[in-house]
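Notes follow the structure.
The figures that follow rest on heavy atoms only: side chains count, while hydrogens, waters and symmetry mates do not. The sequence lines fix the lettering, A, B, ..., with proteins before strands; numbering per chain opens at 1.
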Protein chains: 2
Amino acid sequence: MSKASFAITLDSFDLAILRILQRDNSTPQRVIGEAVNLSAPAVQRRIRRMEEAGVIQAHVAIIDPIQVGQAITIFVEVEVISETADLIDAAKREFASVPEVQQCYYVTGEADFVLVVVVPTMSAYEALTRRLFFGNNNVKRFRTFVAMDRVKVGLAVPLPG
Amino acid sequence: MSKASFAITLDSFDLAILRILQRDNSTPQRVIGEAVNLSAPAVQRRIRRMEEAGVIQAHVAIIDPIQVGQAITIFVEVEVISETADLIDAAKREFASVPEVQQCYYVTGEADFVLVVVVPTMSAYEALTRRLFFGNNNVKRFRTFVAMDRVKVGLAVPLPG
DNA sequence: ACTCATACGAAAATATCTTGCACTCAGCCC
DNA sequence: GGGCTGAGTGCAAGATATTTTCGTATGAGT
């Protein structure tokens, strides 16, 4: 990994480019250029600069989980027993390493972690809970919320301007 | 939008292609072809087919929210008063229409909705709660979890095989 | 065995991305 | 002012990538 990720300043051109890319990154640079009033090479150079600075973290395809047999999305709130730095870091590493855990946040409030889990069946989820929660003696309690509808799903960030 | 989204069958080539694309969709088709033992046009045709079937829903750039000034990620569990179909649909539409609401799921369990919210400041979040929750008389209660660490963030789906 | 549908690879045709170069415009120092 | 420097631009050419075309192979159904 060589993601430099030092902060850079973004002007309104950059933000306009980001707005387009986070909706559809297969848009040709020529088209982006027309939209923001810049030449294609200028757009290209700005994109590269933002990639190197870590503003753009990745370029990915979004896949419909249902069509690949991962039909169930589940939220889990996890409460741990001990919040020492070591144990928290261990929990972070463990949750992050599980492919079924799509997202994991360490949070304040009534829970310590919130997970978004994607599994093919409820029994797969049950197996996962055994491994991840019952099998971890620092987990005090967890609460499960099964998604009936994925009303809005994305990672698009609201951009100023 | 005319996303047909009828189910298609995916073979192991398709899954291999998806695995690559959901990690880096800027990978050239030629390189994908080498990885999965297919020619570039064959890869291309399979990608197009999966796009048309809705298996691939979008191609997007992932942006670091912190570097664009949206530093705070928040989870919200929302409980509503009345769960009639009309009111639930209205809530879905309202939550989905808000740019700060990055994700919204309609769930079973102790809450009815779970939201992932991205905002620049806590006061922006407070303003949002006024508008979205206090300003909606079908919202019974909501609980806020502020993310201290985005341990793992993505929409990658675990693929069988 | 024949036909049809599907999918493939090779190669040609397009389109896109990338790079080199010359230019402009600010800021800054003498 | 005059002249320098650095950042950023557009244009044009060259390098890659994508898309189309075309001929062929495979397998299912008749």
Side-chain donor/acceptor of Q102(A) to backbone N/O of L155(B), under 3.5 Å: yes
Nucleotide nearest Q29(B) when distance is taken to its side chain, options dG9(C), dA7(C), dT19(D): dT19(D)
Interatomic distance, I32(A) CD1 vs dC17(C) C1' [rounded to whole Å]: 12 Å
Check whether Q22(A) reaches the backbone of V157(A) with its side chain - one donor and one acceptor, N or O, closer than 3.5 Å. yes
Give the rounded distance in Å between these two atoms: CZ of R46(A) and P of dA7(D). 14 Å
Going 5' to 3' through nucleotides 20-28 of chain D and flagging B where a protein heavy-atom sits under 4.0 Å of the base, S where only the sugar-phosphate is that close, and - otherwise, we get BB-------
Please verify the inter-ring angle class for Y106(A) with F113(A); under 30° counts as parallel, over 60° as perpendicular, anything in between as tilted. tilted
Co-membership, hydrophobic cluster, residues V114(A) and V146(B), 4.5 Å side-chain: no
How many Å lie between CD1 on I47(A) and C1' on dT16(C), as a whole number? 12 Å
Ignoring the backbone of A42(B), work out which of dG10(D), dG9(C), dG8(D) is nearest its side chain. dG9(C)
Whole Å only: how far is the CZ atom of R30(A) from the C1' atom of dA17(D)? 15 Å
Between G54(A) and D64(B), which heavy-atom pair has the shortest distance, and what is it? O-CB, 3.5 Å
In this structure, is the centre-to-centre distance between the rings of Y105(B) and F95(B) below 6.0 Å? no
Could you tell me how far apart L38(B) (CG) and dT18(D) (C1') are, to the nearest whole angstrom? 16 Å
For DNA chain D, determine which residues of residues 10-28 of chain A have any heavy atom closer than 4.0 angstrom to one of its atoms, and list them numerically. none
In whole angstrom, what separates N37(A)'s CG from dG8(D)'s C1'? 16 Å
Smallest heavy-atom separation, P160(B) atom then L15(B) atom, equals O-CD1, 3.7 Å
Between atom CD in E34(B) and atom C1' in dG9(C), what is the gap in whole Å? 14 Å
I'd like to know if the side chain of D89(A) reaches the main chain of D86(A), judged simply by a donor and an acceptor atom lying under 3.5 Å from each other, with no hydrogens or angles considered. no
Between D112(B) and V80(B) (side chain of the first, backbone of the second, donor and acceptor by atom type, cut-off under 3.5 Å), is there such a pair? yes
